[in-house]
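Have a look at the structure below before the remarks.
By convention in this document, chain letters (A, B, ...) are assigned in the order of the sequence lines, proteins followed by strands, and residues within each chain are numbered from 1. Nothing here was measured: the structure is a model prediction, and the numbers come from that model.
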Amino acid sequence: MTNPADSIEIQNVVASTGIGQELDLEALAEDLPGADFNPDNFPGLVYRTQEPKAAALIFRSGKIVCTGAKSIDDVHEALGIIFEKLRGLQIPVEEDPEITVQNIVSSADLGHNLNLNALAIGLGLEDVEYEPEQFPGLVYRMDEPEVVILLFGSGKIVITGGKRTDDAEGAVEEIVERIEGLGLLG
Amino acid sequence: RLRKWNERFRTRDSKERNLKQALGEIDRMASALGLPDNVRETASVIYRRALDEDLLPGRSIEGVSTSCVYAAARMAGVPRSLDEIADVSRVEKAEIARTYRYVVRELKLEVKPADPEQYVPRFASDLELSEESEMRAKGLLKNAKEKGVHSGKSPVGLAAAAVYAAALLTNEKTTQAAVSEVADISEVTIRNRYHELLEAEDGLVA
DNA sequence: GCTTTAAAAAGTAACCT
DNA sequence: AGGTTACTTTATAAAGC
């Protein structure tokens, strides 16, 4: 019997930071090869790092959003690369800008098929949204840890909304416990 | 004091105008969808509650009216798919889905997913199939539910496939294209669900 | 509320061979 | 019939409409 917690994989980490310096995005778009900037569409400039693979949204205010990284270390590495690129362009960047993790998306496998109709009733319709006509996943809003879990008929799940690495572990532990308590696991 | 009275009057007046417009929309959509009077009445009751609980500010009368019809049809056991609802609404599908979730959540309406069997009578009738194939389609769906094959699948797609399978089993003429037309489900999906229904029926076939 | 970014899950759909 | 691509859902920051 494999432990569902061992199947947890972080798929995406979103973080925000700032260099403490206003930016001229028009000029930056010229100087940063590969940068996408369409102010008519969106106020942020998009810059992608290859290794680690991530995408950064850079704003005029100097605030930056980093997304797409597979770990918190990757977020720091990707942002570090961006800070150096900016410094290389003679743009002053704070020593160690504070980086805040805003959301971690993880996937996991409970190892058993799930009856989502029964689960929707068992978990309580007030915390559940299940509209198979529109989306195959059951959306469950968990209180502790405060995350949102998408559960599928295959037993595969997605945990999102957490800010800490161990939120996914706690969520899997809790959801397995609840489903087992309802006698609906495997 | 006069200002407060005026505000109340204005609020009550605007709510009445709002309600009048909404009820007209509900009637129009319910008729276009061929829904019975009790569904129209239920939708109206839900709309009144939404208005009383101040769910309207921030969204359109049309969007909330449409959501009420969608919810009421399901609650009455005569569901209409989101596509069918969107076809008779002035609001686009994505907004209907968003508003519907909001109304259901705020009013704590316990609306469960449509049961695939509830779509069968209408599809079978539109395809002019016999009572027997209608019963067989329902039987196929009951079996699929027991085997737990339905999780995450569209109730409309399951119903469409069951009707198609039942017609074949009773030797009645129908095509995937015809079922696809009345159910608004792609032939690929009907084929996929059809195979699953038959497999659930007896571990073999194809 | 919307716009943009990223990623997973599974179902559905459009398009092409 | 199959394969590819793409859209549906969840969370989250950013600036501005």
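- Between A:Gln11 and A:Ser107, the side chains place a donor N or O and an acceptor N or O closer than 3.5 Å (distance only, hydrogens not considered).
- Base pairing of D:dA11: no nucleotide in any strand meets the Watson-Crick or G-U wobble criterion (both distances under 3.5 Å).
- For the pair A:Arg141 and D:dA11, the criterion of a side-chain N or O lying under 4.0 Å from OP1 or OP2 is met.
- Using a cut-off of 4.0 Å between Lys/Arg side-chain N and Asp/Glu carboxylate O, B:Lys145 and B:Asp115 are scored as salt-bridged.
- In summary, B:Glu95 and B:Arg98 do not engage in a salt bridge, as defined by a charged side-chain N under 4.0 Å from a carboxylate O.
- Across the protein-nucleic acid pair, A:Arg48 atom CZ and C:dT4 atom C1' stand 10 Å apart, rounded to whole Å.
- Between A:Phe37 atom CZ and D:dA15 atom P there is a gap of 13 Å when expressed in whole angstrom units.
- Here the separation of D:dG2 from C:dA8, taken at their P atoms, is 26 Å to the nearest Å.
- Taking atom C1' on both C:dA10 and D:dT12, the two are 23 Å apart, rounded to the nearest angstrom.
- Base pairing of C:dA7: no nucleotide in any strand meets the Watson-Crick or G-U wobble criterion (both distances under 3.5 Å).
- Linking ILVMFWY side-chain heavy atoms closer than 4.5 Å, directly or via other members, places A:Leu150 and A:Ile157 in two distinct hydrophobic clusters.
- Nucleotides D:dG3 and C:dA7 are separated by 23 Å at their C1' atoms, to the nearest Å.
- Comparing the P positions of C:dG1 and D:dT9 gives an interatomic distance of 13 Å, to the nearest angstrom.
- Separating the CG atom of A:Leu25 from the P atom of C:dT4 is a distance of 17 Å, rounded to the nearest angstrom.
- Across all strands, A:Thr100 comes closer than 4.0 Å to no nucleic acid atom at all (heavy-atom distances).
- When each of A:Asn12 and A:Phe59 is assigned the nucleotide of DNA chain D bearing its nearest heavy atom, the one mapping closer to the 5' terminus is A:Asn12.
- A cation-pi geometry, defined here as NZ or CZ lying under 6.0 Å from the six-membered ring centre and within 45° of its normal, holds between B:Arg59 and B:Tyr102.
- Ion pair B:Asp54/B:Lys15 flagged as a salt bridge, since at least one NZ, NE, NH1 or NH2 atom sits closer than 4.0 Å to an Asp/Glu carboxylate oxygen.
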Summarise how protein sits on nucleotides 8-17 of chain C as a single string, 5' to 3': B when a protein heavy atom is under 4.0 Å from the base, S for sugar-phosphate-only contact, - for no contact.
-> BBBSSS----
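- Following rounding to the nearest Å, A:Ile72 (CD1) and D:dT12 (C1') show an atom-to-atom distance of 14 Å.
- Put simply, CD on A:Gln102 is 6 Å from C1' on D:dT12, counting in whole angstrom units.
- Nucleotide C:dA6 holds its P atom 16 Å from the CG atom of A:Asp74, rounded to whole Å.
- Both the sub-6.0 Å distance and the 45° axial angle are satisfied by B:Arg74 relative to the ring of B:Tyr70.
- Straight-line distance between the P atoms of C:dT3 and D:dC7: roughly 13 Å, to the nearest whole Å.
- Note on B:Arg98: only backbone sugar-phosphate atoms sit closer than 4.0 angstrom, heavy atoms only; bases stay farther off.
- When distances run from any side-chain atom of A:Val139 to the nucleotides D:dA13, C:dT5, D:dT10, the shortest one goes to D:dT10.
- A straight line from CD of B:Glu95 to C1' of C:dG1 spans 10 Å, rounded to a whole angstrom.
- The CG-P distance, from B:Leu55 to C:dG1, rounds to 13 Å in whole Å.
- Of the possible polar contacts, one joining the B:Lys147 side chain to the B:Ala200 backbone as a donor-acceptor pair under 3.5 Å is found.
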